[in-house]
> 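The structure follows.
Worth saying up front: this structure is predicted, and the values here are computed from it rather than measured. Scope of the values below: all heavy atoms of this structure, side chains included, with no hydrogens, waters or symmetry mates. Nothing fancy with the numbering, it's 1 onward along the sequence.
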Amino acid sequence: MMSQRNSDVSALVEDELTCAAENVPFTPGQARACTVREVLDRVGGKWSISILVSASHGPVRFTELERHIEGISRRMLTLTLRNLERDGLLHRTVYPTVPPKVEYTATPMALELYESLVALTSWAERHRRAIAEARTAYDAQHTG
């Protein structure tokens, strides 16, 4: 017979076996993959890398990010900052001034991620031309 403590653990495990992004049940072997996918989707998002790299150099204000990140809208910047804060990658500090001053700082978890982000962006910069040439060659070969 199962003890009460063991049945509580089963309930917790069942709760964890739902992919938060899709709210779809999955097997224990898929649990890790879902979590990793969600994390990579967040940190690999179109704007997240630039925001995290900027915040890793020290506190950064919303307007600084808006000027620094080419092409991002205010709405998308707001949503991305909120999501990164929710995920524990940014800390938001609001100073009681008029107008309010808000700064975003990378958390220790984000600072740990920083080196990988720098390596990834450096790799992309080094290989962007080769990738563009490969795409052009592929398209020329596969276009009728």
Side-chain angles (χ1 to χ4, degrees), residues 1-139 142:
M1 183 167 163
M2 189 181 258
S3 73
Q4 179 62 35
R5 185 174 14 170
N6 287 341
S7 64
D8 289 344
V9 170
S10 297
L12 289 174
V13 169
E14 285 177 17
D15 287 345
E16 291 176 1
L17 297 182
T18 301
C19 183
E22 300 170 11
N23 201 23
V24 176
F26 53 90
T27 66
Q30 293 173 316
R32 181 181 164 131
C34 179
T35 302
V36 170
R37 186 185 73 236
E38 287 176 354
V39 170
L40 291 175
D41 285 348
R42 175 77 74 222
V43 300
K46 184 174 184 178
W47 309 112
S48 297
I49 292 173
S50 295
I51 291 169
L52 290 170
V53 169
S54 294
S56 293
H57 296 296
V60 64
R61 295 183 63 182
F62 183 93
T63 52
E64 291 175 280
L65 288 168
E66 193 175 33
R67 277 189 304 246
H68 177 72
I69 302 170
E70 188 177 321
I72 193 167
S73 68
R74 275 185 166 240
R75 171 125 174 92
M76 188 51 63
L77 179 55
T78 300
L79 290 173
T80 306
L81 287 167
R82 224 177 262 157
N83 284 327
L84 292 171
E85 182 183 5
R86 180 175 180 245
D87 290 344
L89 295 167
L90 290 179
H91 177 74
R92 181 176 182 256
T93 304
V94 180
Y95 297 95
T97 60
V98 178
K101 177 182 173 184
V102 179
E103 288 183 337
Y104 296 89
T105 310
T107 63
M109 187 168 40
L111 292 173
E112 182 182 340
L113 175 62
Y114 173 74
E115 288 183 34
S116 298
L117 293 177
V118 169
L120 179 62
T121 55
S122 295
W123 177 88
E125 186 62 36
R126 281 193 316 275
H127 296 286
R128 67 188 172 99
R129 182 169 285 127
I131 291 170
E133 291 168 359
R135 287 178 180 174
T136 301
Y138 180 92
D139 291 347
H142 292 89

> Tell me every residue that passes side-chain hydrogen bond (donor to acceptor under 3.5 Å, both in side chains) with R128, counting only those two or more places apart in sequence or in another chain.
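For R128, the residues satisfying side-chain hydrogen bond (donor to acceptor under 3.5 Å, both in side chains) (neighbours in sequence not counted) are E125.
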> Let me check something: any side-chain donor-acceptor pairs from residues 75-85 under 3.5 Å, sequence neighbours excluded? List them with distances.
{"residue": "T78", "atom": "OG1", "partner": "R74", "partner atom": "O", "Å": "2.9"}
{"residue": "T80", "atom": "OG1", "partner": "M76", "partner atom": "O", "Å": "2.8"}
{"residue": "N83", "atom": "ND2", "partner": "L79", "partner atom": "O", "Å": "3.3"}

> Looking only at heavy atoms, what is the nearest atom pair of V94 and P100, with distance?
CG1-CB, 4.4 Å
> Give every residue pair that meets the ring-ring contact (aromatic ring centres under 6.0 Å, His included) criterion with at least one member in residues 117-138, sequence neighbours excluded.
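Residue pairs passing ring-ring contact (aromatic ring centres under 6.0 Å, His included), neighbours aside: W123-H127, Y138-H142.
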> Only counting residues at least two apart or in another chain, list the ones meeting side-chain hydrogen bond (donor to acceptor under 3.5 Å, both in side chains) with R92.
Y104
> Suppose we screen for side-chain hydrogen bond (donor to acceptor under 3.5 Å, both in side chains). Which residues come up paired with Y95, at least two apart in sequence or across chains?
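For Y95 the side-chain hydrogen bond (donor to acceptor under 3.5 Å, both in side chains) partners, ignoring immediate neighbours, are E103.
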> Is a side-chain N or O of S56 found less than 3.5 angstrom from the main chain of L52, in a donor-acceptor match?
yes
> Taking all non-hydrogen atoms of both residues, which atom of T97 and which atom of K101 are closest, and how far apart?
OG1-N, 3.2 Å
> Return the set of residues passing salt bridge (Lys or Arg N to Asp or Glu O under 4.0 Å) with D87 (not counting sequence neighbours), or none when no residue passes.
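For D87 the salt bridge (Lys or Arg N to Asp or Glu O under 4.0 Å) partners, ignoring immediate neighbours, are R42.
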> Using a 3.5 Å cut-off and no angle test, enumerate the donor-acceptor pairs between side-chain atoms of residues 106-119 and protein atoms at least two apart in sequence or in another chain.
{"residue": "T107", "atom": "OG1", "partner": "G88", "partner atom": "O", "Å": "2.6"}
{"residue": "T107", "atom": "OG1", "partner": "L89", "partner atom": "O", "Å": "3.4"}
{"residue": "T107", "atom": "OG1", "partner": "A110", "partner atom": "N", "Å": "3.4"}

> Got a sec, which pairs hit salt bridge (Lys or Arg N to Asp or Glu O under 4.0 Å) with one end in residues 51-60, sequence neighbours left out?
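Counting only pairs at least two positions apart or across chains, no salt bridge (Lys or Arg N to Asp or Glu O under 4.0 Å) contact touches residues 51-60.
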> Under the side chain to side chain contact (heavy atoms under 4.5 Å, CB included) test, which residues partner S54, sequence neighbours left out?
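S54 satisfies side chain to side chain contact (heavy atoms under 4.5 Å, CB included) with L65, H68 once adjacent residues are dropped.
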> Applying salt bridge (Lys or Arg N to Asp or Glu O under 4.0 Å) as the test, list every pair that has at least one member in residues 43-64; sequence neighbours left out.
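Every pair satisfying salt bridge (Lys or Arg N to Asp or Glu O under 4.0 Å) with a residue in residues 43-64: there are none.
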